[in-house]
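This report refers to the structure that appears directly beneath it.
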There are 2 protein chains.
Amino acid sequence: MSLKHAVLAALLEGEASGYDLAKLFDAAVANFWSATPQQLYRELERLADEELVSARLVAQERRPTKRVFALTESGLRALASFTGEPPRPTAVRDDLLVKIQALDCGDPAGVRELVEERAAFSRGKLARYERLRERLLDGRGEEEYLRRAERVGPYLTLLRGRAFEEENLRWCARVLTVLAEREAARGAAEPR
Amino acid sequence: MSLKHAVLAALLEGEASGYDLAKLFDAAVANFWSATPQQLYRELERLADEELVSARLVAQERRPTKRVFALTESGLRALASFTGEPPRPTAVRDDLLVKIQALDCGDPAGVRELVEERAAFSRGKLARYERLRERLLDGRGEEEYLRRAERVGPYLTLLRGRAFEEENLRWCARVLTVLAEREAARGAAEPR
DNA sequence: TCAGCCTATTCAATTTGTTGAGTAGGTGTC
DNA sequence: GACACCTACTCAACAAATTGAATAGGCTGA
């Protein structure tokens, strides 16, 4: 039930097309929720049916016509009341962790490569987060921004996302060290 | 497709019933994947059909008979080859982050309460992780364990889970500070 | 000029995940 | 001795997510 509210929350930033949202909710970009384009188009359809968002067609030059969605009054109310409801406890669901859990029955070299790829992905995401951060701060210092800005939600979720990716990076480095040490120890014990 | 492999990975620890796995995959406990009991029973049924796990009935005294599952040779092979496949990039999906993203249109006091609850949840999870850690280390030091233990996968995923909850705790504290400062600033600006 | 990518969306099929109820005996407690 | 809770599972229905393909014009570079 959260995609619904994630979409409404995204529309707090202003009106957007399904395509715009698809970019925002892309797994490589998203900092508070992710979804595929298909999910978004369907959800927007439903939200429009419930009149939580309004839709209008915007013709463009040199581009396909798009449908632009905006929060309605009742959409805003729905979002406000959602913020007060208890969140369902979220737990880990990361493919890579399953692979690491099973690491000892698999191929160490292959796993090492996957961990390196994840680290690279995290670095890319951190770079994007940093750009978003600068856009939000817009020259102001963090403390000043957090005290005075009209909306701090997006910044606070960004901080969470950034911390998550930094932690990912540290963890990847740790895993690689451990794997390397074990390889070395194994090489010394079973020389061939 | 990952629940399948998460279940296989869990069975690396030894045979287990659906009920045992349900406890392990509980959202409040899981450190590498979570799932509901219903999902697990269905998945185990499928895995047994594919002969990736074997099932046998175990009668107990004073308790209902249980069905205990164990990895088969081909299950182990499937898991090993899974560890080499690229993981799908996982992105955030946390209800609380959506609420924080939309915080500025909601009720600050209500949100503060939710953040405090999340912090309490994280503290509980950290305590459970710490117990699991001690059980894994079994008196050995971390460095020694990581160099010599037969399986390090479970420990490495545990480290990731622990770092995640610690980060959660720090972030919750930060959010609460920001909210309090803004409340104070608002109180000073609009005294009534 | 042709391939490949970008905008912008839709349809259909399948797989996953969630929710609620139901069965059935045993244990603990006030 | 009534009520709640624990073990251990099953069935059914529904909602959400994923995957793959299709449409269709414009734009970019070799």
Side-chain angles (χ1 to χ4, degrees), chain A residues 1-8 15-30 33-50 53 55-69 85-95 98, chain B residues 1-8 15-30 33-50 53 55-69 85-95 98:
Chain A
M1 293 266 95
S2 240
L3 174 57
K4 173 174 169 175
H5 298 103
V7 169
L8 295 175
E15 53 175 28
S17 67
Y19 191 76
D20 294 333
L21 292 178
K23 279 182 289 180
L24 191 69
F25 281 83
D26 183 280
V29 177
W33 199 265
S34 68
T36 61
Q38 288 70 14
Q39 268 177 283
L40 292 166
Y41 283 113
R42 192 174 29 168
E43 196 62 48
L44 285 166
E45 207 56 62
R46 279 200 283 248
L47 290 171
D49 282 352
E50 292 181 67
V53 304
R56 70 196 168 88
L57 287 172
V58 175
Q60 303 177 101
E61 277 174 47
R62 294 157 208 285
R63 304 211 159 173
T65 296
K66 61 182 177 178
R67 246 178 117 199
V68 168
F69 299 87
E85 278 158 35
R88 32 170 116 195
T90 313
V92 204
R93 270 194 177 175
D94 185 340
D95 228 30
V98 179
Chain B
M1 292 269 98
S2 238
L3 174 56
K4 173 174 169 175
H5 299 103
V7 169
L8 295 176
E15 53 176 28
S17 67
Y19 191 76
D20 294 334
L21 292 176
K23 280 182 289 180
L24 191 68
F25 281 82
D26 183 278
V29 176
W33 199 265
S34 69
T36 61
Q38 288 70 15
Q39 270 177 282
L40 291 166
Y41 283 115
R42 190 173 35 177
E43 196 62 48
L44 285 166
E45 207 56 60
R46 279 200 283 247
L47 289 172
D49 282 352
E50 293 180 65
V53 305
R56 71 195 169 87
L57 287 172
V58 175
Q60 302 176 103
E61 277 175 45
R62 294 155 208 286
R63 299 201 168 187
T65 296
K66 62 183 176 179
R67 240 177 121 200
V68 168
F69 299 87
E85 279 157 34
R88 33 170 116 192
T90 314
V92 204
R93 269 190 179 176
D94 185 339
D95 229 27
V98 179

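Hydrogens, waters and symmetry mates play no part in the numbers below; they use all other heavy atoms, side chains included. Below, chain A is the first sequence line, B the second, and so on; all start at residue 1.
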Short N/O separations, protein against nucleotides 4-11 of chain C, under 3.5 angstrom:
| residue | atom | partner | partner atom | Å |
| --- | --- | --- | --- | --- |
| C:dT7 | OP2 | A:Tyr19 | OH | 2.5 |
| C:dT7 | O5' | A:Tyr19 | OH | 3.3 |
| C:dA8 | OP1 | A:Gln60 | OE1 | 2.9 |
| C:dA8 | OP1 | A:Gln60 | NE2 | 2.4 |
| C:dT9 | OP1 | A:Arg67 | N | 2.4 |
| C:dT9 | OP1 | A:Arg67 | O | 3.4 |
| C:dT9 | OP2 | A:Gly18 | N | 3.3 |
| C:dT9 | OP2 | A:Tyr19 | N | 3.1 |
| C:dT9 | OP2 | A:Tyr41 | OH | 3.3 |
| C:dT10 | O4 | A:Gln38 | NE2 | 3.4 |

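No donor-acceptor contact under 3.5 Å links the side chain of A:Arg93 to the base of C:dG17.
Of all non-hydrogen atoms in A:Trp33 and B:Asp95, the two that sit nearest each other are CZ3-N, 3.7 Å. Closest approach of B:Gly18 to B:Leu44, counting heavy atoms only: CA-CD1, 3.6 Å.
A:Asp26 places its CG atom 16 Å from the P atom of D:dA17, with the value rounded to the nearest Å. Atom CG of A:Asp95 and atom P of D:dT18 are 12 Å apart (whole Å). Taking atom NZ of residue B:Lys4 and atom P of nucleotide C:dG17, one finds them 13 Å apart after rounding to whole Å. Between the CG atom of B:Leu40 and the P atom of C:dG17 there is a distance of 10 Å, given to the nearest Å. If you take CG of B:Leu57 and C1' of D:dC9, they are 11 Å apart, rounded to a whole angstrom. Here the P atom of nucleotide C:dG17 and the CH2 atom of B:Trp33 are 7 Å apart, to the nearest Å. Straight-line distance from the CD atom of A:Glu43 to the P atom of D:dA16: 7 Å, rounded to whole Å. Distance B:Arg42 CZ to D:dT10 P: 13 Å, rounded to the nearest Å.
Partners of A:Arg88 under the salt bridge (charged side-chain N to carboxylate O under 4.0 Å, His left out) rule, at least two apart in sequence or in another chain, do not exist in this structure. Checked against side chain to side chain donor-acceptor pair (under 3.5 Å), B:Arg93 has no partners two or more places apart in sequence or in another chain. Evaluation of the side chain to side chain donor-acceptor pair (under 3.5 Å) rule for A:Glu85 yields no partner, not counting sequence neighbours.
For residues 34-48 of chain B, the pairs satisfying salt bridge (Lys or Arg N to Asp or Glu O under 4.0 Å) are B:Glu43-B:Arg46, B:Glu45-B:Arg67, with sequence neighbours left out. Evaluation of the side-chain hydrogen bond (donor to acceptor under 3.5 Å, both in side chains) test over residues 15-26 of chain B, restricted to residues two or more places apart or in two chains, returns B:Glu15-B:Arg56, B:Ser17-B:Asp20.
Closest to the B:Gln39 side chain, of the nucleotides D:dA16, C:dT18, D:dT19, is C:dT18.
Annotation: of the two residues near DNA chain C, A:Arg88 and B:Ser2, the 5′-most nearest-nucleotide partner is B:Ser2.
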